[in-house]
Q: 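Pasting a structure below so you can have a look.
Only this structure's heavy atoms are used, side chains among them; waters, hydrogens and symmetry mates stay out. Because the structure is predicted, anything quoted here is derived from the model rather than measured. Within every chain, numbering begins at 1; the chains are lettered A, B, ... in the order of the sequence lines, protein sequences first and strands thereafter.
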Amino acid sequence: MTEQNMNETHSTLENILEQRKEKIAKIKEMGFEPFPYSYTVTHKSKVVLDNYDELEEKTVSVAGRLMNIRRMGKASFAHLQDAEGRIQLYISKNDIGEESYVMFKLLDIGDIIGVKGIVMKTRTGETTVKATSLTLLTKNIRPLPIVKEKDGVVYDAFTDKELRYRKRYLDLIVNPEVKDTFVKRAAITRATRKFFDDRGYLEVETPILQALYGGANARPFVTHHNSLDQDLYLRIADELYLKRLIVGGFEKVYEFSRNFRNEGMDRSHNPEFTAIEFYEAYVDYFYMMDFVEEYFKAIAELMGSMIVEYRGEKIDFSKPFERKSMADLFTEYLKIDIAAFTEKDFADWYQKNKKEFDPKWNYGQFLDKLFDEYIEPKLIQPTFVIDYPKAISPLAKVDRKGDERFVERFELFICSSEYANAFSELNDPIDQRERLEGQDRLRVEGDDEAQAFDEDFIQAIETGMPPTGGVGIGFDRVIMLFTGQTSIKDVLLFPAMRSEKLS
RNA sequence: GGGUGCGUAGCUCAGUCGGUAGAGCAGCGGCCUUUUAAGCCGUUGGUCGAAGGUUCGAAUCCUUCCGCACUCACCA
């Protein structure tokens with residue numbers, strides 16, 4: 001070996017990349033194609049493993065990524081990983097021929113190959129494909145993290161969360177259980193779609209780029225349309241568009257809405273996330289409570305158990321969900337009669353309990369703060385909290401029972417987190433205009449999360465929206481709950497991360 | 001934004017009191033036709049996250065910065 005070549009045996013990443021490029025050249029010289037166009041796969045690994053009795057001595061073609069190679073001179077064992085699992089390969093010089101075996105010796109963990117061979121069992125009883133021919137399908141040049149396993153114990157697991165999220169493809173290759181979460185996510189998405197379709201709902205798509213953002217209180221991402229020479233916002237919610245469709249005469253609509261909110265990130269917030277919003281004409285929030293309850297029960301059933309273990313709690317979906325008004329909860333946990341309390345009473349309560357507060361808070365904000373701190377942590381089993389303060393619900397109808405300070409709104413709490421938010425939708429155009437003008441005043445005064453005034457939306461409501469029930473469900477959180485994940489990053493294939501500087 | 005912790009070879013990790021960097025796997029060169037964390041022999045590989053500082057001497061101590069995780073706050 002020349003001195004030049006000696007240097008190239010250094011196992012820096014750069015040299016490994018070079019070595020593997022040289023292998024590609026050698027493979028080509030030998031007359032093999034390192035990047036062919038297709039390969040005929042007859043069996044997935046799982047099918048071979050599950051049907052050994054029928055397939056024994058039969059010829060199959062499998063394809064996948066080499067995850068492990070054990071070379072023993074003139075014969076070798078390897079494990080091939082495809083979408084559904086792994087299967088062992090036995091590759092011997094006698095069976096595949098001198099030329100192919102020399103080529104095989106140039107292969108690395110991470111290469112993608114196709115193997116045609118005979119199904120057999122080894123001396124130790126492992127189902128194995130004994131290769132009669134081997135085809136390189138894609139040569140790898142960048143080394144994979146090496147993860148080993150014995151008796152279910154994983155050695156050198158690829159665990160660096162930053163790398164796993166940034167290079168999700170590596171995570172998926174070497175941590176197969178990660179795939180399960182996303183397979184389940186797809187199953188829940190499919191079931192959700194079926195749930196709505198079966199009930200006569202129409203799936204719609206509304207603008208993500210919006211001239212005005214609304215339907216929630218949040219800061220938006222801003223972008224610019226060049227030929228219109230106009231700033232546009234990425235939607236924070238699709239609510240105002242779905243309501244326009246109800247005005248237009250669709251009576252049941254839903255959308256999987258990717259929303260964008262320019263706010264903090266933590267284990268339950270990602271700047272882009274998925275909500276399911278749905279609106280149905282002629283129903284109120286009581287109807288929607290039943291609907292949402294049925295939905296969660298359907299997903300629990302789909303996932304195979306009405307008892308879901310999450311964050312150390314056993315969540316029971318088999319029983320009817322609790323339904324408690326804000327007022328009842330305040331009486332129960334804080335001995336506060338919110339119907340009688342005024343802003344001054346709340347301020348006195350805070351002083352008496354030596355807790356910090358902002359004297360500018362209004363009635364709704366006092367309720368909201370106290371609720372978050374003292375009541376939300378107690379809501380473990382599925383609980384509908386009903387009847388919210390009007391001040392924080394500008395799109396909901398006033399409570400029909402008569403207290404002007406409250407609206408017909410519910411939120412569903414499970415394990416201290418919010419999963420759904422719903423209203424008897426406000427359809428009185430005069431009230432709606434006043435409330436959105438109020439929001440706009442807050443925004444002008446500096447509340448950058450207050451809702452912008454959308455004149456066209458008001459005109460739609462003026463045209464006449466039937467009585468309507470509407471719901472938003474945090475879909476990523478639903479996925480988290482039913483897959484046992486406690487970070488939103490683990491239910492998003494590519495969670496938001498600060499850009500890294502790549503050389 | 002605050003607090004805590006982490007950042008060392010491609011991966012997983014050691015690194016004592018401040019004394020000049022280690023292991024396993026992977027890689028590279030050999031042996032090996034039923035192995036399976038294959039084995040055996042040999043071997044390479046480092047801007048110790050970055051920049052300053054203290055010191056005769058820094059992976060180690062100090063400062064600042066960058067990134068990530070956890071957490072609190074904010075935020076539906």
Q: Scan A:Asn94 against the nucleic acid and name what it touches under 4.0 Å (heavy atoms): base, sugar-phosphate only, or nothing.
A: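 Contact class for A:Asn94: base.
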Q: Please give the distance between the P atoms of B:A59 and B:G22 as a whole number of Å.
A: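 Each nucleotide's P atom is 13 Å from the other's.
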Q: When we call it a touch if two heavy atoms are under 4.0 Å apart, what does A:Lys489 touch: a base, just sugar-phosphate, or nothing?
A: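 Touches sugar-phosphate only.
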Q: At less than 3.5 Å, do the side-chain atoms of A:Asp108 and the base atoms of B:G27 form a donor-acceptor pair?
A: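 Check fails, no donor-acceptor contact within cut-off.
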Q: Rounded to whole angstrom units, what separation is found between the CZ atom of A:Arg71 and the P atom of B:U33?
A: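 Between P of B:U33 and CZ of A:Arg71: 14 Å.
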Q: So, is the end of the A:Arg261 side chain (NZ or CZ) under 6.0 Å from the ring centre of A:Phe273 and within 45° of the ring's axis?
A: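 No, a cation-pi geometry is absent between A:Arg261 and A:Phe273.
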Q: Is the ring pair A:Tyr374/A:Trp349 parallel, tilted or perpendicular, if the boundaries are 30 and 60 degrees?
A: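 Correct class here is perpendicular.
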Q: With a 3.5 Å cut-off and just heavy-atom distances, do the side chain of A:Asp266 and the base of B:U71 make a donor-acceptor pair?
A: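 No, no donor-acceptor pair under 3.5 Å.
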Q: Under 4.0 angstrom, heavy atoms only, what part of the nucleic acid is A:Ala218 near: base, sugar-phosphate, or nothing?
A: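 The residue A:Ala218 makes sugar-phosphate contact but no base contact.
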Q: At 4.0 Å (heavy atoms only), tell me whether A:Lys23 reaches a base, stays on the sugar-phosphate, or touches nothing.
A: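 Contact class for A:Lys23: sugar-phosphate only.
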Q: Given that both distances must come in under 3.5 Å, which nucleotide forms a Watson-Crick or G-U wobble pair with B:A73?
A: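 None - no nucleotide pairs with B:A73, as no candidate has both distances under 3.5 Å.
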Q: Would you mind pulling out the nucleotide paired to B:C65, Watson-Crick or G-U wobble, both distances under 3.5 Å?
A: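 Across any shown strand, B:C65 pairs with B:G49.
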Q: Describe the nucleic acid contact of A:Lys105 in one word from base, sugar-phosphate, nothing, applying a heavy-atom distance below 4.0 Å.
A: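 Since no nucleic acid heavy atom lies under 4.0 Å of A:Lys105, the category is nothing.
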Q: Would you mind reading off the distance between A:Arg166 atom CZ and B:G67 atom P, rounded to a whole angstrom?
A: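 Rounded to the whole Å, the gap is 9 Å.
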Q: Check every strand shown and say whether A:Thr122 touches a base, only sugar-phosphate, or nothing at a heavy-atom separation below 4.0 Å.
A: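 Base, at least one base atom sits under 4.0 Å.
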Q: Given atom CD1 of A:Ile87 and atom C1' of B:U34, what is their separation to the nearest angstrom?
A: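 My rounded result for the distance is 15 Å.
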Q: Determine, for A:Lys93 against A:Glu98, whether the closest basic-nitrogen to carboxylate-oxygen distance falls under 4.0 angstrom.
A: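 Between A:Glu98 and A:Lys93 there is a salt bridge, with a charged N closer than 4.0 Å to a carboxylate O.
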Q: Is the shortest side-chain heavy-atom distance between A:Asp108 and A:Lys139 below 4.5 Å?
A: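 Touching, per the 4.5 Å side-chain cut-off.
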Q: Any side-chain donor paired with an acceptor under 3.5 Å for A:Glu411 and A:Tyr388?
A: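 A donor-acceptor contact under 3.5 Å links the two side chains.
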Q: When we call it a touch if two heavy atoms are under 4.0 Å apart, what does A:Asn421 touch: a base, just sugar-phosphate, or nothing?
A: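 If one applies the 4.0 Å heavy-atom cut-off, A:Asn421 turns out to touch a base.
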Q: In Watson-Crick or G-U wobble terms, both distances under 3.5 Å, what is the partner of B:A38?
A: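 No nucleotide pairs with B:A38.
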Q: Mind checking if A:Glu418 touches a base, just sugar-phosphate, or nothing, with heavy atoms under 4.0 Å?
A: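 Base contact - A:Glu418 has a heavy atom under 4.0 Å of at least one base atom.
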Q: Could you check whether atom NZ of A:Lys130 has more than 12 heavy atoms from other residues, nucleotides or ligands sitting under 6.0 Å from it?
A: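 Incorrect, the count does not exceed 12.
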Q: Both distances below 3.5 Å, Watson-Crick or wobble geometry, any strand: find the nucleotide opposite B:G19.
A: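 WC or wobble partner is B:C56.
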Q: Do A:Glu126 and B:U34 have a side chain to base donor-acceptor pair shorter than 3.5 Å?
A: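 Answer is no: no donor-acceptor pair is held.
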Q: Is any side-chain N or O of A:Asn68 closer than 4.0 Å to OP1 or OP2 of B:A38?
A: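 Yes, A:Asn68 has a side-chain N/O under 4.0 Å of OP1/OP2 on B:A38.
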Q: By the 4.0 Å heavy-atom rule, please label A:Arg20 as base, sugar-phosphate, or nothing.
A: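 Sugar-phosphate only.
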Q: Whole angstroms only, please: what is the CZ-C1' distance between A:Arg267 and B:C72?
A: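 For the pair A:Arg267 CZ and B:C72 C1', the rounded distance is 11 Å.
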Q: Looking only at N and O atoms, is any donor in the side chain of A:Tyr90 or the base of B:U33 less than 3.5 Å from an acceptor on the other one?
A: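 Donor-acceptor pair under 3.5 Å: yes.
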Q: Using both distances under 3.5 Å as the test, list the Watson-Crick or G-U wobble partner of B:A26, or none.
A: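 Check on B:A26: unpaired, no WC or wobble geometry under 3.5 Å.
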Q: How close or far is atom C1' of B:A37 from atom CG of A:Asp151, stated in whole angstroms?
A: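 Going from A:Asp151 (CG) to B:A37 (C1'), I get 9 Å.
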Q: Using a cut-off of 4.0 Å on non-hydrogen atoms, how would the nucleic acid contact of A:Ser268 be classed: base, sugar-phosphate, or nothing?
A: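 Since no nucleic acid heavy atom lies under 4.0 Å of A:Ser268, the category is nothing.
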Q: If I take atom NZ in residue A:Lys161 and atom P in nucleotide B:U12, what distance separates them, rounded to the nearest angstrom?
A: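 That distance rounds to 14 Å.
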Q: Check whether the side chain of A:Arg70 and the base of B:U35 form a donor-acceptor pair under 3.5 Å.
A: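 Answer is yes: a donor-acceptor pair is held.
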Q: Rounded to the Å, how far apart are A:Phe77 CZ and B:A38 P?
A: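 The distance from CZ of A:Phe77 to P of B:A38 comes to 13 Å, rounded to the nearest Å.
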Q: Determine whether more than 12 heavy atoms belonging to other residues, nucleotides or ligands lie under 6.0 Å from atom CD of A:Glu56.
A: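 For A:Glu56, atom CD is crowded (more than 12 foreign heavy atoms under 6.0 Å).
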Q: Which part of the nucleic acid, if any, lies within reach of A:Leu144 when heavy atoms closer than 4.0 Å are counted: base, sugar-phosphate only, or nothing?
A: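 Result for A:Leu144 = nothing.
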